[in-house]
Amino acid sequence: MSPESQGQNEHYLSVYRGTFRTWRGNRPFWAGLFTMLGGVPIAYFPYANMHLGNMTLAMSTTAGAGSLIIGVLLVTLGLTMWFHSIVRVFAGVAAILLALISIPVANIGGFLIGFLFAMLGGALSVSWVPGEPQPDEAAPAQGLLGEAEEPELLGAEAPDGFSFAKDTTAPVHPEGALHGMGVPEQQPAQYDTTVEADGGRHRAG
């Protein structure tokens, strides 16, 4: 395997890992996993046979169908927590109730293994809430200039000798005084119109 292909495989692995981490964080992942793990022994033990040498022990009971239904429902609720997390509270409560029902029905809740997993998964599903996105601290706060900030800018010291302070030496005109004022006339330039008699040329000396 070349170093380039090895680095490419590591890149794909990191991408898949980040994608799975994002997917897992947007839903009650561990609640669904524990609920499905609780449904497997509850549905399996009533139909399993244990072999001890030449002796076979059948653990099936008269409530085998009920155990199978409870196990299938727990697995379904676990998948619902993963892919339809909006009903996570209902799924968690239902998982807890099925875990309690499995004690008298399904071999003491799958020999307490499935009962404990289902109870833990239901409790995690009920208590799980989606996380709130954190604001980006690196991005500067952008906004329009408010009225409360204007006095600070007006009184601030401007660079390069400029000042934001109001010019008190300028003449103050009353409101409407400038309305209708004409533009001052421009005086034409004064030229020497004296012309000499002999062709307009100056005499030297």
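Only heavy atoms go into these numbers, but all of them, side chains included; no hydrogens, no water, no symmetry mates. Since we're looking at a predicted model, the values are computed, not measured.
- Looking only at distances, no side-chain donor or acceptor of Ser125 sits under 3.5 Å from a matching main-chain atom of Gly121.
- Between Ile42 and Ala106 the shortest heavy-atom distance is CG2-CB, 3.6 Å.
- No continuous path of ILVMFWY side-chain contacts below 4.5 Å connects Ile70 to Leu112, so the two sit in separate hydrophobic clusters.
- Counting only distance, with no hydrogens or angles, the side chain of Ser102 and the backbone of Ala99 share a donor-acceptor pair below 3.5 Å.
- Closest non-hydrogen pair, Arg27 versus Met81, comes out as CB-O, 4.1 Å.
- Placement of Ile69 and Val75 in two distinct hydrophobic clusters is found when ILVMFWY residues are connected by side-chain heavy-atom separations under 4.5 Å, directly or transitively.
- Met36 and Phe117 fall within the same hydrophobic cluster, defined by Ile, Leu, Val, Met, Phe, Trp and Tyr side-chain heavy atoms under 4.5 Å apart, directly or through other members.
- When hydrophobic clusters are built by joining Ile, Leu, Val, Met, Phe, Trp and Tyr residues whose side-chain heavy atoms come closer than 4.5 Å, directly or via intermediates, Leu37 is grouped together with Leu124.
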Discussion item. As a quick check of understanding, evaluate side-chain contact (heavy atoms from CB on, under 4.5 Å) for Leu77 and Leu98, giving each step before the final call.
Written reply: CA-CA 10 Å; Leu77 290 173; Leu98 290 175; 3.9 Å; yes
Worksheet item: Between Leu79 and His84, is a side-chain contact (heavy atoms from CB on, under 4.5 Å) present by the stated rule, with each step listed?
Response: CA-CA 8 Å; Leu79 293 175; His84 199 58; over 6 Å; no
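- Heavy atoms of other residues, nucleotides or ligands lying less than 6.0 angstrom from CG of Leu13 number more than 12.
- Taking every heavy atom of both residues into account, Val126 and Val89 meet most closely at CG2-O, 3.9 Å.
- Counted within 6.0 Å of CZ on Arg24, heavy atoms from surrounding residues, nucleotides or ligands total more than 12; the atom is thus considered enclosed.
- Smallest separation of non-hydrogen atoms from Val105 and Gly66: CG1-C, 4.2 Å.
- Between Trp23 and Phe83, the ring-plane angle classifies as tilted under the 30° and 60° cut-offs.
- Listed for the Ser85 side chain is no donor-acceptor partner under 3.5 Å among the backbone atoms of Trp82.
- The hydrophobic cluster containing Val40 does not contain Phe45, counting ILVMFWY residues as joined when their side-chain heavy atoms lie under 4.5 angstrom apart, directly or transitively.
- Atom CD1 of Ile108 has 12 or fewer neighbouring heavy atoms from other residues, nucleotides or ligands inside a 6.0 Å radius.
- By the 6.0 Å contact criterion, CZ on Phe20 is enclosed, its count of non-hydrogen atoms from other residues, nucleotides or ligands being greater than 12.
- Between atom OG1 of residue Thr35 and atom CD1 of residue Ile96 there is a gap of 9.0 Å, rounded to the nearest 0.5 Å.
- Using modelled atom types, one side-chain atom of Arg88 and one backbone atom of Trp128 make a donor-acceptor pair closer than 3.5 Å.
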